[in-house]
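These notes are about the structure you will find just below.
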Amino acid sequence: MSDRKGLRIKKGEKFSSKISGRNIIAASFEGKLYDLDTTAPSDGIFFPVNVDSQEGLTILRHSAAHLLAHAVTTLYPSALPNAGPPTDDGFYYDIHMDSISSDDLHKIEEKMHELAEKSISIRREEFSRDDLLKMFQGNRYKTDKILENVPPGGSSSVYKQGDFVDFCTGPHVPDTSYLKNVKLLSISSTTYHGLKDEDKMVRIYGTAFPDEKSLRNYLKMREEAMKRDHRIIGQEMDLFVFNSERAPGFPLYTPDGTVIRNELISFMRAKNSEYGWEEVSTPHLFRDSMWKQSGHYAKYRDSMYLFQMEDGTGYAIKPMNCPGHITIFQREMHSFRDLPVKYCEPGTVYRYEKSGEVGGLTRPRMFTIDDGHAFLSQDQLVGEIRKMLRMIRETFDTIFGNADLSFDLSVMDTTALDNYLITYSCNSCGHKIEFRKSSADNSFQCPNCGSSDLKPDLSTWDSATNALREALEEEGINFRTLEGEAAFYGPKIDVHLKDALGRSWQMSTIQVDFNFPLNFELLYITSGGEKKHVVMLHRAIYGSYERIMAILLENYAGNLPTWLTPLQVYITSVSDRYNDYAMKVRDMIQKAGVRVTLDLSKETISKKIKLIRPRRPSYIVIIGEKEETEGTVSVRNRKGAQKTLGTKAFTEMIMEEIRERKNTQADF
RNA sequence: GCCACUGUAGCUCAGUAGGUAGAGCAGCUGACUUGUAAUCAGCAGGUCGGGGGAUCAAUACCCUCCAGUGGCUCCA
């Protein structure tokens, strides 16, 4: 909403008559947006929409998308525009045309600038459905939209700029001169409606800003983000390797990468133990019969690594850790007194992601989940979820320092019950069965009496969903509720983290699971002596070690908190005359448990610093004559600040930084 | 899996309108004894992603496979 104050307007007056200045590009009137050139539909108060506001930017970019289509259709008369919406930070337009190159992209952008310079006015016009269909005949993408959105006998609007016309509800900027600060960013391709067999579309991405400076800032940010790509930083820091011939999609961790991984694992180990999670260790493969029972085989077979032994027995490499934990849980009968049972494991899973879906550490074919499975009674649910929420908060606050987290509660779509595993009760015999209609090949009948008069009973789902909600509320957490986002086997909470560049990443998840307790008969004995299904929770805090490592690298641009940094102290000497002292310093720091490297190579200091920088050591220590005589070290921190410190004082400082897992360094 | 683009030394990248490749950095050897983002010289390093085809001749042209990147779809 605009924070400007409202302006009074009478019915039939043009919004443009009430405002002045190019910053205002539209009017917000009774919750709807209007072109400045249109008139108020009734007396009232309207709010001018500033181009800098979120609404204003969206309008600007939507208009820029039109300009893009205008330029493309001018240069390529046979091109058929489909749709061009604004996005969070720009816009794109899908156009049916022959594929183009980045050279063509420049040409198109030049044409856009040319059209913007001409200040072509952008006019809204209203037409009947029939006229619209006539106007856009020859472009089925547009006529589809007209048929879909305009009721027979109805009318809708088009926007005209020069000889370009687009079917659109608007609003738009008054003329093309508002669109001088546009930039086309990339080309990709898609299909009409994203459907496999539909027409190919060229998708052109771009962005637009009200002024040149903010455009330049955005482009700089974008460049910075590209430089922060964990694949690039990972290579500079020598953390992991992908060998596209031997193991496409599988990360191999170098010694330094393994250091980071191990630090993350041991931190999580400590957190798990603090919160009562017992670590277990499970095999990487199971007989395929197990995966058939769990339902993974039916649903995910094409993305599982399957193989057969000589004798014909089938195996699958695990795509999830749950079965292992379940198998351990099942080794003995559980009393209500045993619950909760909570198993955790840094569990490595393998999923055959499709070729086009693999990429870096964010979408590998092998990843290690900081997995955990809790087996609970219904009344323990809220308490355990609350603990998990606290664990999540503490973990990310440590790693990122006051992490910017957001929480989503994903619940079922109550209008599509067939998609979920739910309880039905038989209206004729009262028998209860668990069923997921959409995935069942067998008939939907009561196994007891054969009746098909079955009534859904949502009490289990409701109580689980309420438990998740209650836990969030009691922890004082703001959250969104997402209808229809629940898994087929239960509701869940997802946690997102906003990184230093403002990007949102999905991290933790807490999922209630009704499927496994049923499929695997996971039972406990209640105080009343009867057998009851446990409630099962899946949870991961980091998500996966691969993902958290990628996010850490990008968030910190590789300059990780010292406790996570592979090379915590890099020492080198000005000349080999000081090597003995340098070795003494190295030994002292090393003895304190700090990861330190002493570089005795006979290069210049400048060169050694130049070469070590991409590895991103936490501290660079230089040793020369002065340091040797004074018993000090010359230290350079992450910010590039230098200070001479007593060797002992420096060692203690860094020890404290590591011990407390600080995510910033002390100021020099 | 689909679409587009890309694939030359460990890394970053040149190059050949078809005549089997070149630089910088890294590596190795030597000289320089050095104060916070490149000291100098030399050496070594590539079956130009794999396979096939047309050509006297392919890294370059065509086909095909593989992989990477950006999207689409998917992500238990």
Pairwise N/O distances under 3.5 Å, protein to nucleotides 39-48 of chain B:
| from | atom 1 | to | atom 2 | distance (Å) |
| --- | --- | --- | --- | --- |
| U39(B) | OP2 | T604(A) | OG1 | 3.3 |

Any N/O pairs under 3.5 Å between the protein and nucleotides 8-14 of chain B? List them or say none.
| from | atom 1 | to | atom 2 | distance (Å) |
| --- | --- | --- | --- | --- |
| C11(B) | O3' | Q235(A) | OE1 | 3.2 |

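Secondary-structure stems of RNA chain B, taken as three or more successive Watson-Crick or G-U wobble pairs (i with j, i+1 with j-1) under a 3.5 Å distance threshold, comprise B:1-7 with B:66-72, B:10-13 with B:22-25, B:27-31 with B:39-43, B:49-53 with B:61-65.
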Practice task
Show your working on side-chain hydrogen bond (donor to acceptor under 3.5 Å, both in side chains) between Y581(A) and T647(A) and close with a plain yes or no.
Solution key: CA-CA 11 Å; Y581(A) 177 62; T647(A) 309; 3.2 Å; yes
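Using a cut-off of 4.0 Å between Lys/Arg side-chain N and Asp/Glu carboxylate O, D89(A) and R222(A) are scored as not salt-bridged. R616(A) has a carboxylate O that lies under 4.0 Å from a charged side-chain N of E236(A), or vice versa, which qualifies the two as a salt bridge.
Between the E554(A) side chain and the A225(A) main chain, no donor and acceptor come within less than 3.5 Å of each other. A donor-acceptor contact shorter than 3.5 Å links the side chain of R638(A) to the backbone of L560(A). Side-chain atoms of T191(A) come within 3.5 Å of backbone N or O of L195(A) as a donor-acceptor pair. With T572(A) contributing its side chain and D599(A) its backbone, the two residues share a donor-acceptor pair below 3.5 Å. The closest donor-acceptor contact from the side chain of D370(A) to the backbone of I541(A) lies under 3.5 Å. N243(A) places no side-chain N or O within donor-acceptor distance of the main-chain N or O of A247(A), the cut-off being under 3.5 Å. Of the possible donor and acceptor atoms, one in the side chain of T254(A) sits under 3.5 Å from a partner among the backbone N and O of L239(A).
For F91(A), the ring pair (Phe, Tyr, Trp, His ring centres under 6.0 Å) test picks out no residue, with sequence neighbours left out. For the ring pair (Phe, Tyr, Trp, His ring centres under 6.0 Å) test, residues two or more places apart in sequence or in another chain that qualify with Y545(A) are Y542(A). For E224(A), the salt bridge (Lys or Arg N to Asp or Glu O under 4.0 Å) partners at least two apart in sequence or on another chain are R228(A). Applying the side chain to side chain contact (heavy atoms under 4.5 Å, CB included) test to L75(A) and every residue at least two apart in sequence or in another chain returns I108(A), K111(A). For H96(A), the ring pair (Phe, Tyr, Trp, His ring centres under 6.0 Å) criterion is met by Y141(A), not counting sequence neighbours. Under the rule for a side chain to side chain contact (heavy atoms under 4.5 Å, CB included), the partners of L105(A) that lie at least two apart in sequence or sit in another chain are L184(A), I187(A), I204(A).
Ring centroids of W461(A) and F514(A) are separated by less than 6.0 Å, placing the two rings close together.
Nucleotides G30(B) and G15(B) are separated by 32 Å at their C1' atoms, to the nearest Å. Rounded to whole Å, the C1' atom of C48(B) lies 15 Å from the corresponding atom of G19(B). A distance of about 42 Å separates the P atoms of C43(B) and C5(B), rounded to the whole Å. Taking atom C1' in both G22(B) and U8(B), one finds a spacing of 10 Å when rounded to whole Å. Spacing of P atoms, G49(B) relative to A67(B), comes out at 16 Å, to the nearest Å. A60(B) and U16(B) have their P atoms separated by 14 Å, given to the nearest Å. As rounded to the nearest Å, U12(B) and C3(B) have C1' atoms that lie 29 Å from one another. Rounded to the nearest Å, the gap between the P atom of A58(B) and that of C62(B) is 16 Å.
A donor-acceptor pair shorter than 3.5 Å can be found between the side chains of T423(A) and E434(A). T509(A) and Q511(A) are linked by a side-chain donor-acceptor pair at a separation below 3.5 angstrom, with hydrogens and angles left out of the test.
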Handout entry: Contact pattern, 5' to 3', of nucleotides 63-76 of chain B - B, S or - by protein heavy atom under 4.0 Å
Key = ----SSSBBBBBBB
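Contacts of residues 285-294 of chain A with RNA chain B (heavy atom under 4.0 Å): none. The stretch residues 627-636 of chain A touches RNA chain B through E627(A), S634(A), R636(A), each having a heavy atom under 4.0 angstrom from the strand.
Atom CD1 in I95(A) sits roughly 16 Å away from atom C1' in C3(B) (whole-Å rounding). One atom, CG of D98(A), and another, C1' of C3(B), lie 13 Å apart when rounded to the nearest Å. L184(A) has its CG atom 20 Å from the P atom of A4(B), to the nearest Å.
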